[in-house]
J.: 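Mind having a look at this structure? Questions to follow.
Every number for a ligand or one of its atoms is a count from 1 in the order of the listing. Just so it is clear, the structure is predicted and the values come from calculations on it, not from any experiment.
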Amino acid sequence: MSTHPETNGLSFRQSVDHMVDKAVKIMNLDPHVASAIKACASVLQVTFPVKIKGEIEMFTGWRAVHSVHRLPSKGGIRYATSVDQMEVEALAALMTYKCAIVDVPFGGSKGGLFINPHDYTRDELQQITRRFARELAEKGFLSPATNVPAPDMGTGQREMAWIADTYKHLNPDDINHIACVTGKPVAHGGIRGRTEATGRGIQYALQEFFRHPDEVKSAGFKGNLGGKTAVVQGLGNVGYHAAKFLSEEDDVKIIAIIEYDGAIINEDGIQVEQAYLHKNETGSIKGFAGTKFLADGRKGLELECDILIPAALEGVIDETNAHNIKAKLIAEAANGPVTFEADQILQKKGIVILPDAYMNAGGVIVSYFEWIRNLTHIRFGRLERRFDEARGQHIVHALEAMHNTPVPDWVQKELVRGADEFDLVRSGLDDSMRLALQEIIETANRDSNIHDYRTAAYVIALSKLSRTYLDVGVY
Ligand code: NAD
């Protein structure tokens with residue numbers, strides 16, 4: 001098995017397996033059941049030609065299906081030059097565990113295309129994406145019933161719209177064609193709140209963590225989330241939204257942002273929105289007003305802070321830098337940012353980790369809502385919103401009649417307002433993130449052999465998965 005380029009030791013896939021094995025051992029899970037759960041069910045590799053600027057270029061992509069105990073299998077498609085079969089398999093496995101942890105009834109899958117999207121124009125990317133989607137659909141790896149991709153590193157709403165449209169042309173009589181992919185633009189069957197869902201989920205998870213005083217104390221914190229300092233790696237979809245919401249709504253001070261070409265630092269706090277605009281305009285965070293620039297971005301991970309949020313890519317904290325990490329809490333927004341070896345070191349140092357398989361589940365939770373919306377062919381809240389508003393108005397009238405005094409404006413506003421799709425999505429996401437962390441904390445505290453939230457999360461995932469495998473029967 002090859003090793004991952006980012007780490008000296010285990011491959012990404014081995015790293016995930018080792019972490020899962022810790023839970024298997026604690027649970028005393030039948031090794032055969034564990035092997036069945038851990039195995040990747042199938043993986044497709046495709047190589048296809050696309051004519052770019054008059055020349056034929058070959059592209060290679062993968063789609064791994066880790067589990068099919070629930071259908072469809074779900075997971076993003078990433079465009080990056082780090083992509084290989086091993087990475088896609090590791091990410092597909094994480095999807096299986098993630099869905100089980102947050103109770104989303106999907107199997108786990110993941111796809112990737114070996115490409116640097118910045119090397120191509122929009123039209124070229126459209127051509128490449130449509131061709132990739134055709135390969136996936138023709139080989140049974142894209143369909144609303146069995147395999148549903150979503151955005152990941154290097155892809156977004158635009159690519160999802162192209163994939164959906166390609167599938168529709170190939171399957172004109174599939175009435176649910178729009179559900180073949182999630183993370184689409186709202187005008188093309190997407191759901192409000194999906195783009196920022198993963199970052200929003202990070203915020204909700206941290207809010208929930210700080211509602212548990214004993215956990216907060218054991219992590220070495222005093223007080224609540226407000227006023228804490230954070231370092232964020234990756235100002236892409238996940239990192240930008242997490243940093244924006246935490247700083248603007250929870251008073252978290254973002255003291256450093258790390259990107260592929262260095263880090264910007266301001267101990268008084270960075271204006272995330274402005275930094276994001278600067279990055280979009282110039283292609284880099286470098287030179288953002290009022291910040292110091294650190295050319296060795298990796299060193300930024302070692303800055304003194306309360307919360308470290310790696311939100312870029314896997315393997316960034318390994319055995320070479322884990323000893324130098326000074327954060328009290330690591331919120332794993334990216335998939336696999338901490339290697340197995342680093343995890344051991346960080347635990348010994350007493351650094352608490354909120355694991356990826358839970359932390360970044362916001363994306364798949366809202367993807368689940370989008371998929372349901374697509375299958376029901378109706379926007380959430382469409383039927384009941386005005387009815388709820390009318391009922392709220394009746395309550396206001398009744399209160400006024402009973403007390404012979406007007407209901408204050410703010411109460412009236414709250415009572416009379418019916419929930420729209422955005423409210424419902426946020427409520428469902430918040431609820432899912434809260435419940436999952438409560439279960440993780442409870443599990444960690446129930447069993448004295450469990451010393452970390454990651455193992456607790458995997459114990460939860462494995463017990464749900466093994467129950468399903470045993471109920472259905474492995475044949
Ligand atoms: P993205 O492509 O939108 O953003 C990634 C950001 O990281 C970019 O700004 C990029 O410049 C930066 N980056 C790349 N290499 C870097 C390096 N070496 N150091 C620092 N920064 C670097 O991707 P994303 O969708 O935000 O995904 C980020 C991570 O979150 C990935 O691990 C992904 O699998 C995970 N994730 C994403 C979603 C989602 O909904 N998008 C859901 C779950 C998990």
Side-chain angles (χ1 to χ4, degrees), residues 5-6 12 16 74-83 87-88 90-92 94-95 97-99 101-102 104 108 110-112 115-118 149-160 182-184 190 193-202 205 231-244 256-264 272 275-276 278-280 282-286 294-301 308-318 321 331-338 355-368 370 429:
E6 292 283 339
F12 184 13
V16 173
K74 192 84 188 71
I77 287 190
R78 75 168 45 170
Y79 282 2
T81 49
S82 62
V83 170
E87 179 180 87
V88 167
L91 290 164
L94 275 176
M95 284 306 297
Y97 304 122
K98 192 177 301 183
C99 291
I101 291 164
V102 293
V104 164
K110 201 83 178 191
I115 186 174
N116 179 355
H118 302 293
D152 197 79
M153 251 168 88
T155 59
Q157 291 191 353
R158 184 181 71 172
E159 286 73 15
M160 300 307 117
T182 58
K184 302 176 291 287
R194 171 61 183 91
T195 304
E196 65 272 34
T198 310
R200 187 62 84 185
I202 307 288
V231 170
V232 178
Q233 183 190 39
L235 198 59
N237 179 314
V238 178
Y240 157 65
H241 285 111
K244 178 182 163 71
I257 296 174
I258 308 166
E259 260 290 326
Y260 66 94
D261 56 348
I264 50 170
V272 175
Y276 184 66
H278 176 86
K279 185 194 150 217
N280 285 351
T282 65
S284 169
I285 51 170
K286 194 175 174 180
L294 184 66
D296 184 359
R298 227 168 106 87
K299 281 277 165 211
L301 295 167
L308 174 60
I309 308 179
L313 67 169
E314 62 265 21
V316 293
I317 304 175
D318 60 17
N321 62 352
E332 293 186 337
N335 281 308
V338 172
D356 49 3
Y358 160 67
M359 267 326 258
N360 66 33
V364 75
I365 292 168
V366 177
S367 277
Y368 170 44
E370 180 177 333
L429 174 59

J.: Heavy-atom pairs closer than 4.0 Å: do any link ligand 1 to the side chain of Ala333, the backbone, both, or neither?
T.: backbone
J.: Would you mind telling me if ligand 1 is within reach of the side chain of Ala311, the backbone, both or neither, using heavy atoms under 4.0 Å?
T.: backbone
J.: As an exercise, identify every atom of ligand 1 less than 4.0 angstrom from a heavy atom of Arg194.
T.: 40 (O)
J.: Heavy-atom contact check, 4.0 Å cutoff: does Gly154 meet ligand 1?
T.: yes
J.: Please walk me through it: do Arg78 and Thr155 pass side-chain hydrogen bond (donor to acceptor under 3.5 Å, both in side chains)?
T.: CA-CA 6 Å; Arg78 75 168 45 170; Thr155 59; over 6 Å; no
J.: So how far is it from Ile258 CD1 to Leu235 CG, rounded to the nearest 0.5 Å?
T.: 11.5 Å
J.: Assess the side chains of Glu259 and Ser284: does a donor N or O sit below 3.5 Å from an acceptor N or O?
T.: no
J.: Would you call Lys244-Glu196 a salt bridge at under 4.0 Å N-O?
T.: no
J.: How long is the span from the CD atom in Glu87 to the CE atom in Met153, to the nearest 0.5 Å?
T.: 7.0 Å
J.: Are the charged groups of Asp318 and Arg298 less than 4.0 angstrom apart, N to O?
T.: yes
J.: Under a 4.0 angstrom heavy-atom cut-off, which atoms of ligand 1 come close to Leu235?
T.: 9 (O)
J.: Given Arg194, which of Val366, Leu429, Ile365 fulfils the side-chain contact (heavy atoms from CB on, under 4.5 Å) condition?
T.: Val366
J.: Using a 4.0 Å cut-off to any heavy atom of Asp152, which atoms of ligand 1 qualify?
T.: 25 (O), 33 (C), 34 (O), 36 (N), 37 (C)
J.: Measure the spacing between CG of Asn335 and CG of Leu313 and express it to the nearest 0.5 Å.
T.: 10.5 Å
J.: Using heavy atoms and a 4.0 Å limit, tell me yes or no: is Arg298 in contact with ligand 1?
T.: no
J.: For atom 28 (C) of ligand 1, which of Pro310, Pro337, Ala312 has the closest heavy atom?
T.: Ala312
J.: Between NZ of Lys98 and CG of Leu91, what distance do you get to the nearest 0.5 Å?
T.: 8.0 Å
J.: Give yes if a backbone or side-chain nitrogen or oxygen of Lys110 is under 3.5 Å from a nitrogen or oxygen of ligand 1, and no if not.
T.: no
J.: Taking the side chain from Asn321 and the backbone from Lys299, do they hold a donor-acceptor pair closer than 3.5 Å?
T.: no
J.: Run down the list Tyr240, Tyr260, Tyr79 and name the one with the heavy atom closest to atom 14 (C) of ligand 1.
T.: Tyr260
J.: Under a 4.0 angstrom heavy-atom cut-off, which atoms of ligand 1 come close to Leu313?
T.: 15 (N), 16 (C), 17 (C), 18 (N)
J.: Side chain of Gln233, backbone of Pro310: donor and acceptor closer than 3.5 Å?
T.: no
J.: What atoms of ligand 1 come within less than 4.0 Å of a heavy atom belonging to Gly236?
T.: 3 (O), 4 (O), 6 (C), 9 (O), 26 (O)
J.: Any N/O of Thr198 closer than 3.5 Å to an N/O of ligand 1?
T.: yes
J.: Answer side chain, backbone, both or neither: which part of Glu314 comes under 4.0 Å from ligand 1, heavy atoms only.
T.: neither
J.: Who gets closest to atom 13 (N) of ligand 1 by heavy atom: Glu259, Lys279, Met359?
T.: Glu259
J.: Test of understanding: given a 4.0 Å heavy-atom threshold, classify the contact between His241 and ligand 1 as side chain, backbone, both, or neither.
T.: neither
J.: Can you list the ligand 1 atoms lying under 4.0 Å from a non-hydrogen atom of Gln233?
T.: 19 (N), 20 (C)
J.: Examine the proximity of ligand 1 to Asn360 and report which part, side chain or backbone, both or neither, has a heavy atom under 4.0 Å away.
T.: both
